[in-house]
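Input: a single structure, listed below in structure tokens.
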Amino acid sequence: MAEGDSCWVVVLVGGVVGFILVVVLNHFWPLLFKGKGGTVPKGSFGWPLLGETFSFLKPHSSNSVGAFLHDHCSRYGKVFKSHLFFSPTVVSCDPELNYFILQSEGKLFECSYPKPIHGILGKVSMLVAVGDTHKRLRNAALSLVTITKSKPEFLHDIENIAIQILDSWKNKPQVIFCEEARKFTFNVIVKQVLGLTPQEPETSEILEDFLTFMRGLISLPLYIPGTPYARAVQARSRISSTVKAIVEKRRAGRRNNNNNDDDDDNNNSKKNSDFLEILLSVDTLSEDEKVSFVLDSLLGGYETTSLLMCMVIHFLSHSPAALQQLKQEHLKIRSMKQKHDDHLDWEDYKKMEFTQYVINEALRYGNVVKFVHRKALKDVKYKGYLIPSGWKVLPVFTAVHLDPSLHANATQFHPWRWESQDPTCKKFTPFGGGSRCCPGSDLAKVEVAFFLHHLVQNFRWKTEGEDQPIAYPYVEFQRGLVLNVDPCSETTM
């Protein structure tokens, strides 16, 4: 071998060895951290670079904590350290610490999802934004939800779409409920956010790109042409372009309406009573932030709400007593309407007390959201624990929701617990908490309640086979929750 070649081999080997040493030292160095005034929680870091991420993400039933949390809590307690998502991490299964973390957003902790998520969601997505940007987006979201949630037009849209979905079941002995739930929630959110009906071409374009976007959101973050991640980034760009075109079309319509008479203005106001119409008048958001807000609304209103619907139907299928009481509640509400086919209104929704118990219990027992990502902005001391600055923090909601010391018969679906249990307590955080609590949670509950109103009165159903909700950590039904459906003899739609 020539002398020059030998030198290159030495350099190459030295570079590889140096890289390995850096990775190993970077992985294990935090284990030697000794803070002042506190002790870093006990735990283990696992393999260099990967840490214990694969074990943490190992699929398990969503109404269980899974082997990883069970093993680590048994060995180290409810608060322990690990190495997850390429970072030293403190994992909390303690309700008090979780509440403290959620309430300290922007002061001691901030949202910190893995960088690849930013690439798909966008830099100004409310899900990943921090500081003033997040505050502006969240204030706009809360304002829109407050204005919208009890509006007759919004409630009528939800009910009409639910009836359309259920009408399509009448000649079907079997449905894949996860697909039906997603169809329902997508049609509702697209109508409410962009004013689009299922028949309009933009709706199918957005749905096709949105499905690509969703698949990439839970894929390996490899930006290589053809990979799910790369296709998701491209799909987001196309959705953004479609939304911008709709925004421009709406603005042009507004300008034209300024030249019309008052009657035309009133008609247009009725036609366009959606999020976008209100959003166009918000001066505190940039154009990119408005487009990102629409995408966030689609994401939150589509996947999370449809999954909650699936959880409710799955658990009710195995709880005849709860299903019977739920049906009686809705039959009573319907009997009080002046006409058999009158629309539901906000007063009807407020009467759905047991329905709320069922929804809360599905959220607790099914765990639509397993955990959230946070990062310590400074050294944080809490009850003798020290969380070092820069470390990631994972408040795990599942462990709290299924903790038998906090919830009696925690591993059972029991809606009646909410007759005496406060749903706003620290031990129940299905939508997060603090300044990052999901602003659309109320809308999700209304959608589920209205769908249930017509479902329980018009159909009987049984689940086909055993199909459990599995956490990957995102939750899904492996077979799509197949239902054998049978219309009731007397319909009320």
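Both backbone and side-chain heavy atoms feed into the values below; hydrogens, waters and symmetry mates do not. Just so it is clear, the structure is predicted and the values come from calculations on it, not from any experiment.
Heavy-atom contacts from other residues, nucleotides or ligands closer than 6.0 Å to NZ of K135 number 12 or fewer. Other residues, nucleotides and ligands place no more than 12 heavy atoms under 6.0 Å from the NZ atom of K58.
Ring centroid separation for the pair W416 and Y357 does not come in under the 6.0 Å cut-off. The distance between the ring centers of Y382 and Y385 does not fall below 6.0 angstrom. Not less than 6.0 angstrom separates the ring centroid of W346 from the ring centroid of F154. Remark: aromatic rings of F56 and F371 are close, center separation under 6.0 Å. For H401 and Y365, the distance between ring centers is not under 6.0 angstrom. The aromatic ring centres of H373 and F85 sit less than 6.0 Å apart.
Side-chain atoms of S317 and F315, non-hydrogen and from C-beta on, never get closer than 4.5 Å to each other. With a 4.5 Å cut-off on side-chain heavy atoms, L344 and M352 count as touching. Under the 4.5 Å side-chain criterion, counting only non-hydrogen atoms from C-beta, L194 is in contact with I206.
Evaluated for a side chain to side chain contact (heavy atoms under 4.5 Å, CB included) with V372, the options P395, S112, C111 yield exactly one hit, P395.
Classified by interplanar angle (parallel below 30°, tilted 30° to 60°, perpendicular above 60°), the ring pair W391/F45 is tilted.
Contact detail for F68 and S82: the closest heavy-atom pair is CZ-OG, 4.0 Å. Residue R479 comes nearest to V482 through the heavy atom pair O-CG2, 3.6 Å, listed as atom of the first residue, atom of the second, then distance. Shortest non-hydrogen contact noted between A235 and F213 is CB-N, 4.0 Å. Of all the heavy atoms in I176 and G480, the pair that sits closest is CG2-O, 3.3 Å. Considering every non-hydrogen atom in both V294 and V193, the closest pair reads CG1-CG1, 3.7 Å. When all heavy atoms are compared, the tightest approach of T53 to F86 is OG1-N, 4.5 Å.
The pair D486-K462 does not count as a salt bridge, with every side-chain nitrogen at least 4.0 angstrom from each carboxylate oxygen. Look at K392 and E110 and you find no salt bridge, because none of the NZ, NE, NH1 or NH2 atoms lies under 4.0 Å from a carboxylate O. Contact check on E179 versus R182 returns no salt bridge, with no Lys/Arg side-chain nitrogen under 4.0 Å from an Asp/Glu carboxylate oxygen. Salt bridge D296/R138: absent, no basic N to carboxylate O contact under 4.0 Å. For D403 and K78, the salt-bridge test passes: some basic side-chain N is under 4.0 Å from an acidic carboxylate O. Electrostatic pairing of R364 and E361 counts as a salt bridge here, judged by a charged N lying under 4.0 Å from a carboxylate O.
For the pair K42 and F80, the NZ or CZ position fails the cation-pi test of under 6.0 Å to the six-membered ring centre and within 45 degrees of the ring normal.
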Exercise. After noting the C-alpha distance and the side-chain angles of D379 and S389, does the key distance pass the side-chain hydrogen bond (donor to acceptor under 3.5 Å, both in side chains) rule?
Worked result: CA-CA 4 Å; D379 286 355; S389 175; 4.8 Å; no
Exercise. When you look at W47 and F54, which way does the side-chain contact (heavy atoms from CB on, under 4.5 Å) test go after all the steps?
Worked result: CA-CA 10 Å; W47 293 95; F54 287 153; over 6 Å; no
Exercise. Can you check salt bridge (charged side-chain N to carboxylate O under 4.0 Å, His left out) on E159 and R334, steps first, answer last?
Worked result: CA-CA 13 Å; E159 190 171 12; R334 179 52 55 183; 3.5 Å; yes
For this session: Please assess L137 against H134 for the test side-chain contact (heavy atoms from CB on, under 4.5 Å), listing each intermediate value before the final yes or no.
Result: CA-CA 5 Å; L137 289 165; H134 177 263; 5.8 Å; no
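Using modelled atom types, one finds no donor on one side chain facing an acceptor on the other under 3.5 Å when comparing Q457 with H330. For the 3.5 Å distance criterion, the side chains of H407 and Q421 qualify, holding a donor opposite an acceptor. Side-chain contact annotation: N367 with S62, donor-acceptor N/O pair under 3.5 Å absent. Under the 3.5 Å distance criterion, with hydrogens and angles disregarded, no donor-acceptor pair is assigned to the side chains of S92 and D94.
In this structure, the side chain of E329 engages the main chain of F354 through a donor-acceptor pair within 3.5 Å. For D467 (side chain) and L481 (main-chain N/O), a donor-acceptor pair under 3.5 Å exists by modelled atom type.
Taking NZ from K426 and CD from Q103, the interatomic distance works out to 9.0 Å, rounded to the nearest 0.5 Å.
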Enumerate donor-acceptor pairs with a distance under 3.5 Å from any side-chain N or O in residues 442-451 to protein atoms, sequence neighbours excluded.
residue	atom	partner	partner atom	Å
D442	OD2	K149	NZ	3.3
K445	NZ	N360	OD1	3.4

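Listed by first and then second residue, the side chain to side chain donor-acceptor pair (under 3.5 Å) pairs that reach into residues 66-76 are E52-H72, D71-R75, sequence neighbours excluded.
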